[in-house]
Amino acid sequence: NNVTYNTNTITGLADIKSSDTSVVTVDTEGVFCGLKEGEATVSGYLYFDTEKKHQVSCQVTVTAKSVRFSDADLDYRVLAEPAGDQPGKVEICAAHVTQDSLEFHTIPASKTGSVAYDYASYAFPDSVTNEGKEYTVTEIGERLLPEMEKNVGLVSFNEITLPAKLERIGREAFAHLDGMRINNVKNWPATLKVIEDGAFYGGYNKTYLAEDVIFPAGSALEEIGANAFADCIGFQGLNLSNCTGLKKIGSGAFSSCQGLTELNLPADLEEIGAKAFYDGISLTELELPAGLVRIDDGAFDQCTRLAQIVIRSEKIEYVGENVFCAYPPAEAKLYIPKLENGIYEAALRDFGGKIYYLKNGEKSDEQANIGVTGLDVEWKTSTAKYFPVGTDYADVFPYLIVYCVYGDGQRERTNDFGRLSESGTVEKGENILTIYYTIYSWYTVSITVIPHFNTNPFSIHFMRYCTCCSAS
């Protein structure tokens with residue numbers, strides 16, 4: 001519209017049609033849609049102001065966006081045709097691998113600790129040839145493993161070898177379905193750029209990837225999608241330090257990787273997604289790099305053995321809720337930069353360990369005035385209340401106000417999110433009555449109620465109690 005043609009202003013199109021609608025269609029706005037390979041003529045009229053003045057037409061050629069071909073095991077989709085002396089590129093888009101294509105070997109009971117297992121190995125090709133043209137395998141498409149499972153049954157792979165110049169692994173490409181699993185990926189190509197959502201999701205049997213995941217020097221990795229390695233409980237080491245282009249780790253990417261004991265992150269990593277390392281119960285030490293800008297909710301929540309955490313970033317813009325487990329080991333220490341905006345102090349005040357500041361990048365003994373340091377209790381009424389022996393906890397609860405006390409002296413009421421112990425009654429001791437109240441399910445206060453009192457009748461015993469492992 002509003003384009004000048006032979007001194008006239010074009011104001012619209014009319015009567016647009018295709019000579020062969022099985023090849024191409026066209027709508028009233030002149031937008032083409034190719035349906036199959038072939039040729040057709042599209043014609044119509046130009047409007048000058050309100051008058052239909054000039055007939056126009058164009059020849060349309062429709063070619064397939066991609067060509068597919070197959071070999072004995074796999075289907076391929078052409079991403080780029082060969083050009084000059086450079087090979088083309090293809091994606092592995094489907095698999096019809098049978099057991100005849102697999103190499104089987106037995107792992108004896110002496111190695112497994114129980115019974116002997118038959119495992120398979122499979123190497124994906126680095127390149128393929130079709131009609132005399134050579135193509136490099138650069139991508140693996142979505143849900144490839146479930147497709148393989150249909151033909152080979154519930155086979156466990158001791159090892160798979162990825163294409164040497166692989167750039168992308170598609171969504172759920174190797175995700176667990178029923179019983180298949182992969183114990184080891186022999187190679188993580190330096191060319192690999194993208195690992196999409198759920199690519200190696202471990203699924204219900206949680207036995208994926210028994211070998212360490214180490215990306216090589218010069219790694220081109222840029223993206224790890226949501227739940228990409230979730231529930232892979234086998235591997236102990238994850239080394240991403242060579243992935244200098246990796247800016248974000250997706251939400252849940254390594255959640256429930258319960259065997260993970262050693263984690264190395266790249267210096268320029270900017271974002272750790274929500275619950276990215278949730279339930280990493282074997283991690284004991286953690287260092288977060290200086291380039292971090294954002295740590296989302298629950299990124300390391302339920303990592304119950306984290307005893308030393310160092311956060312080096314002074315660029316941080318957002319720290320979510322429950323980033324770390326609130327009931328870490330008793331000796332847990334968290335080191336943070338001392339920033340003017342106080343962003344770490346505000347976000348981490350519920351951390352259950354001790355928090356210290358870094359000085360010139362080194363750990364110091366200067367303790368931050370944050371974190372839960374104890375509990376406090378008050379009566380809701382100044383009127384004396386007597387609880388006979390045998391009184392149920394629930395009958396005492398309405399008369400109490402329980403507070404979390406923070407390192408900066410601030411108190412916060414906990415009645416709305418605390419809970420009484422699940423069972424029990426007021427017990428008689430040496431002229432005392434004792435009830436137990438649990439905050440967040442991990443802080444416990446023993447409240448001593450002295451009969452015949454005039455002022456606050458409390459002596460406080462503060463204890464941290466981990467409901468996961470019964471450690472106090």
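This one's a predicted model, so the numbers in the text were calculated from it and none came from an experiment.
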So, [X] side chain and [Y] main chain: donor-acceptor pair closer than 3.5 Å or not?
{"X": "Asp75", "Y": "Cys93", "answer": "no"}
{"X": "Asn227", "Y": "Ala230", "answer": "no"}
{"X": "Ser313", "Y": "Leu292", "answer": "yes"}
{"X": "Asn264", "Y": "Ser241", "answer": "no"}
{"X": "Glu196", "Y": "Arg171", "answer": "yes"}

Would you name the heavy atoms of [X] and [Y] that are closest together and state the gap between them?
{"X": "Ile224", "Y": "Ala228", "value": "CG2-CB, 3.7 Å"}
{"X": "Pro216", "Y": "Trp188", "value": "CD-O, 3.1 Å"}
{"X": "Asp197", "Y": "Gly225", "value": "OD1-CA, 3.3 Å"}
{"X": "Ala199", "Y": "Gly170", "value": "CB-O, 3.8 Å"}
{"X": "Gly320", "Y": "Asp297", "value": "CA-OD1, 3.1 Å"}
{"X": "Ala164", "Y": "Pro189", "value": "O-CB, 3.4 Å"}

So Glu366 and Lys338, side chain to side chain contact (heavy atoms under 4.5 Å, CB included) or not? Walk me through it. CA-CA 10 Å; Glu366 182 184 353; Lys338 196 172 187 177; 2.6 Å; yes

Answer whether the closest heavy-atom distance between the side chains of [X] and [Y] falls below 4.5 Å.
{"X": "Lys363", "Y": "Tyr356", "value": "no"}
{"X": "Ile316", "Y": "Leu339", "value": "yes"}
{"X": "Val185", "Y": "Phe174", "value": "no"}
{"X": "Phe124", "Y": "Val137", "value": "no"}
{"X": "Pro125", "Y": "Tyr76", "value": "yes"}
{"X": "Val213", "Y": "Asn239", "value": "no"}
{"X": "Glu345", "Y": "Ile336", "value": "yes"}
{"X": "Leu358", "Y": "Val310", "value": "yes"}

Separation between [atom1] of [X] and [atom2] of [Y], rounded to the nearest 0.5 Å:
{"X": "Leu144", "Y": "Leu74", "atom1": "CG", "atom2": "CG", "answer": "7.0 Å"}
{"X": "Lys275", "Y": "Asp301", "atom1": "NZ", "atom2": "CG", "answer": "7.0 Å"}
{"X": "Glu91", "Y": "Glu167", "atom1": "CD", "atom2": "CD", "answer": "12.0 Å"}
{"X": "Ile214", "Y": "Glu262", "atom1": "CD1", "atom2": "CD", "answer": "8.5 Å"}
{"X": "Asn187", "Y": "Leu166", "atom1": "CG", "atom2": "CG", "answer": "8.5 Å"}
{"X": "Leu263", "Y": "Ser282", "atom1": "CG", "atom2": "OG", "answer": "12.5 Å"}

Give the ring-plane orientation class for [X] versus [Y], where under 30° counts as parallel, over 60° as perpendicular and anything between as tilted.
{"X": "Phe277", "Y": "Phe254", "result": "parallel"}
{"X": "Phe324", "Y": "Phe351", "result": "perpendicular"}
{"X": "Phe229", "Y": "Phe235", "result": "perpendicular"}

Sort out for me which residue in [options] forms a side chain to side chain contact (heavy atoms under 4.5 Å, CB included) with [X].
{"X": "Leu260", "options": "Ile281, Asp279, Leu238", "result": "Leu238"}
{"X": "Pro163", "options": "Leu192, Thr136, Asp126, Thr138", "result": "Asp126"}
{"X": "Leu221", "options": "Ile195, Thr244, Thr191, Asn242", "result": "Ile195"}

Would Tyr122 and Asp73 count as a side chain to side chain contact (heavy atoms under 4.5 Å, CB included) if you check the C-alpha gap in whole Å, the side-chain angles of each, and the deciding distance to 0.1 Å? CA-CA 11 Å; Tyr122 187 78; Asp73 290 346; 3.1 Å; yes

Glu362 CD: over 12 foreign heavy atoms closer than 6.0 Å: no

Greater than 12 external heavy atoms within 6.0 Å of Asp365's CG: no

When you check the gap from the basic side-chain N to the acidic O, do [X] and [Y] get nearer than 4.0 Å?
{"X": "Lys315", "Y": "Glu270", "value": "no"}
{"X": "Arg294", "Y": "Glu317", "value": "no"}
{"X": "Glu287", "Y": "Arg312", "value": "yes"}
{"X": "Glu211", "Y": "Lys186", "value": "no"}
{"X": "Glu222", "Y": "Lys247", "value": "no"}
{"X": "Lys248", "Y": "Glu271", "value": "yes"}

For side chain to side chain contact (heavy atoms under 4.5 Å, CB included), just list the numbers for Ile169 and Val194, CA-CA rounded to whole Å, side-chain angles, deciding distance to a tenth of an Å, and then say yes or no. CA-CA 6 Å; Ile169 299 176; Val194 178; over 6 Å; no

Go through it in stages, so that I can follow the logic: the residues are Asp296 and Tyr318, the test is side chain to side chain donor-acceptor pair (under 3.5 Å), and I'd like the CA-CA distance, side-chain angles, deciding distance and then a yes or no. CA-CA 7 Å; Asp296 275 320; Tyr318 176 81; 5.0 Å; no

Pair Tyr344-Ile311, side chain to side chain contact (heavy atoms under 4.5 Å, CB included): steps then yes or no: CA-CA 10 Å; Tyr344 288 119; Ile311 307 178; 3.3 Å; yes

Between Glu81 and Tyr135, a side-chain donor and acceptor under 3.5 Å: yes

